[in-house]
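The structure appears right after this line, and notes come after that.
Below, chain A is the first sequence line, B the second, and so on; all start at residue 1. Treat the numbers as computed from the prediction; the structure is a model and nothing was measured. Values below: every heavy atom of this structure, side chains too, minus hydrogens, waters and symmetry copies.
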Protein chains: 2
Amino acid sequence: MSKKISLKDIAEAVGVSTALVSYVLNDKDEQTRVNKDTAKRIREMAKEMNYQPNQIAKSLKSGKSQAIGLLVADISNPFFGNLARAIEDEAKKHGYSVLFGSSDENLENSQRLIDTFINRQIDGFIIAPAEGTASQLEYLKKANIPFVLIDRYFKGLETSYVVIDNFNATYQATQLLLNQGHTKVAYVCYKNQLQHTEDRYSGYLQALLDHGNAEDSNLICEVEFNNAAYFREQFIELLQPDRGVDAILFSTNTLSIMGLKIINELNITVPDDLAVFCFDESEAYDLFYCPISYVKQPLSMIGKEAVKILLEQLRGKASSEQKVMLDVEIVARKSCQK
Amino acid sequence: MSKKISLKDIAEAVGVSTALVSYVLNDKDEQTRVNKDTAKRIREMAKEMNYQPNQIAKSLKSGKSQAIGLLVADISNPFFGNLARAIEDEAKKHGYSVLFGSSDENLENSQRLIDTFINRQIDGFIIAPAEGTASQLEYLKKANIPFVLIDRYFKGLETSYVVIDNFNATYQATQLLLNQGHTKVAYVCYKNQLQHTEDRYSGYLQALLDHGNAEDSNLICEVEFNNAAYFREQFIELLQPDRGVDAILFSTNTLSIMGLKIINELNITVPDDLAVFCFDESEAYDLFYCPISYVKQPLSMIGKEAVKILLEQLRGKASSEQKVMLDVEIVARKSCQK
DNA sequence: TTGAAAGCGCTAACAG
DNA sequence: CTGTTAGCGCTTTCAA
């Protein structure tokens, strides 16, 4: 690599000390009242030699890296891809770089990435935590490493987070289906311990109860993550005529897609035979013959807020945790009609 | 932040010099014949104090950061999301971290990200280059910064790259449509100067010619990137009955999705009214009422190869450029039938 | 078998 | 107004 230009090189070229160059190039020459002419010469030389500061050295010195670690649960999921884009965008605006990693919903991956990022002295984290990583977050708290959770949070854990109002999201969607006259509204969800999973279920359930319906385990299809075969089996079971299901609410984008696919295979007509309400956006929804209703998350807002909060913490402004709960948009289209 | 443990801390605790600790913890104690017992005590203390090496300091010293910069054209496109996942996975295996950025097909973004990454002393790049960034790559070459292109490459530029055989991809797809008996096979593509765009068109054209058809501009729908309105207009125009189009080949995933959406709106029946062949995979394809035919790129292979080549370059093994062209898989399903 | 010391590029006291 | 210097945490000669 063609030798990189360092402060020293330009100091020698101009005939001043490195300290002076550092001052000028960091625009501290006003306070320090550096000779205007010297300053100019330094700046010109820096430009001429195409000087690029070595961030690594800066970081070592300052203990700050001007980088944040973004840990998502699965980068190949477009939901997180879009979120990542929003975050990278916003971070860039503030002069921060983004180191990223995908835990793939796996505990060990998550821990390893956290360690790697810490070793690289990232200034803070934005994390969409995988199940069971509460203790990892506890560790971050103890170590006083700033972080903001997105998409998911843990009830027992005092942290900053930016999430959507999950309860309200499913509540509204369910209510909408019920108000359309559907009587047996089924619910499809993952089986896990994540708070947002529970919140979404609670929203669904409360809407049922408020509408005078009873909780009915026959209407629930709860499946493991990453087990397509099991999902297929359970979901087809749910759709058996004897169950009498006339509407379905999916609680995630992946479940929505898998479900719609099977609905297609079984030649079930939406919304005549079955009404459906999906979660999250997907380009896939647009290809379904019937316009899909869905719960729309404010993705770029989530990203923006998360970065904002993290930066505030980094700057020491925010003394305590900030919890942000954003509203979703309910996009009701033909698929949920009676 | 609770004081981080440094080499010095553990050196003091054990009562030896930092040099020794460094040796042991880098497993250089065999060659240097460090006292086995001292080595053991050092290792134990390191574990006890939960020592985490400061990568930043290591980097400053070595000039290497053990990080690679991944620059994709658009992280919110699932194609790149999946690619990113494959790359991050592979890099992690080899002890490298991934810094990532999305140029969003924009020249300035691309340049800024490259600069940022260089300042952070990333060891090398993996880049899905945006249009018109050839000069930026030239610069990297001149600066002797290793990089590998993915997905796209520039004909006039000698670089390492991992791409698919684009010509062959569209050639096969087109041939398949023609062999099914379709006579007017239209082609939908972006209007840009990227090599893979040209290669794909050439493949399509050659298949037409080889089949005894003539080039026909009435069959081409060439649209600008990021201009949905224009696409809609042009695409609907293409589908006018008087054009007689009986089959369509889409040359990217985004075009495929947008196109299928409009086909749905217009109530055109696939494949009876119109056969379609798409590019790339998408969960969206599965929701279309008719099983979609598509060109499948070997994503994780692309990621793996790119990392492999870059690491070889970093280790100084590969003296010259490596060009890898991978075969695609043609997934022919109902949508392309006559 | 071990330690002292230099130095990676930069910043910030402190001195002149 | 400008320069000297120490030191961030680590590796690596060189000397003991």
Salt bridge check: are K92(A) and E108(B) linked by an N-O gap of less than 4.0 Å? no
In whole angstroms, the gap separating P of dC1(D) from CG of D37(A) amounts to 12 Å
Could you tell me how far apart K64(B) (NZ) and dC8(C) (C1') are, to the nearest whole angstrom? 13 Å
Could you list by number each residue of residues 18-28 of chain A showing a heavy-atom separation from DNA chain D of less than 4.0 Å, or answer none if no residue does? A19(A), L20(A)
dC10(D) C1' sits how many Å from N119(A) CG, rounded? 13 Å
Of the nucleotides dT11(D), dT2(C), dG3(D), which one has an atom closest to the side chain of V16(A)? dG3(D)
Can you tell me which residue pairs pass the ring pair (Phe, Tyr, Trp, His ring centres under 6.0 Å) test with a partner in residues 84-109 of chain B, sequence neighbours excluded? F100(A)-F100(B)
Criterion side chain to side chain donor-acceptor pair (under 3.5 Å) against S160(B), the qualifying member of Q322(B), E321(B), Q313(B): Q313(B)
Quick one: on DNA chain D, does S17(A) or S6(B) contact a more 5' nucleotide (nearest heavy atom)? S17(A)
Which residue lies toward the 5' end of DNA chain C, V34(B) or S62(B), if each is placed at its nearest nucleotide? V34(B)
How bent is the helix from dT1(C)-dA16(D) to dG16(C)-dC1(D), measuring the angle between the end axes built from five pairs each, rounded to 10°? 50°
Whole angstrom value for the distance that separates P of dG7(C) from CG of L60(A): 17 Å
Between the side chains of K308(A) and E305(A), is the shortest nitrogen-to-carboxylate-oxygen separation below 4.0 Å, so that they form an ion pair? yes
With hydrogens left out and only the distance checked, is there a donor-acceptor pair under 3.5 Å joining K4(A)'s side chain and the base of dG9(C)? no
In residues 38-52 of chain A, which ones come under 4.0 Å of DNA chain C, going by heavy atoms? Y51(A)
Measure CZ/R120(A) against P/dC10(D) and give the value in whole Å, please. 14 Å
Side chains of N82(B) and R85(B): is there a donor and an acceptor less than 3.5 Å apart? no
If I take atom NZ in residue K61(B) and atom C1' in nucleotide dG7(C), what distance separates them, rounded to the nearest angstrom? 5 Å
Among Q66(A), K58(A), K4(A), whose side chain to side chain contact (heavy atoms under 4.5 Å, CB included) with N119(B) holds? K4(A)
Identify whether the distance between the nearest side-chain nitrogen and carboxylate oxygen of E105(A) and R152(A) falls below 4.0 Å. yes
Mind listing the side-chain donor-acceptor pairs of residues 44-55 of chain B below 3.5 Å, one per line with the distance, residues two or more places apart or on another chain?
{"unit_1": "N54(B)", "atom_1": "OD1", "unit_2": "I56(B)", "atom_2": "N", "d": "2.8"}
{"unit_1": "N54(B)", "atom_1": "OD1", "unit_2": "A57(B)", "atom_2": "N", "d": "3.0"}

Any N or O donor-acceptor pair linking the side chain of K58(B) to the base of dG9(D) at under 3.5 Å? no
Using whole Å, report how far NZ of K8(A) lies from P of dT11(C). 15 Å
With sequence neighbours excluded, tell me which residues meet ring-ring contact (aromatic ring centres under 6.0 Å, His included) with Y161(A). Y153(A)
Taking everything shown except K323(A) itself, do over 12 heavy atoms lie less than 6.0 Å from its NZ? yes
Check this for me: K36(B), atom NZ, are more than 12 non-hydrogen atoms of other residues, nucleotides or ligands nearer than 6.0 Å? no
Salt bridge or not between D27(B) and R43(B)? Use side-chain N to carboxylate O under 4.0 Å. yes
Just the rounded figure in Å: distance from P of dG3(C) to CG of N35(B). 11 Å
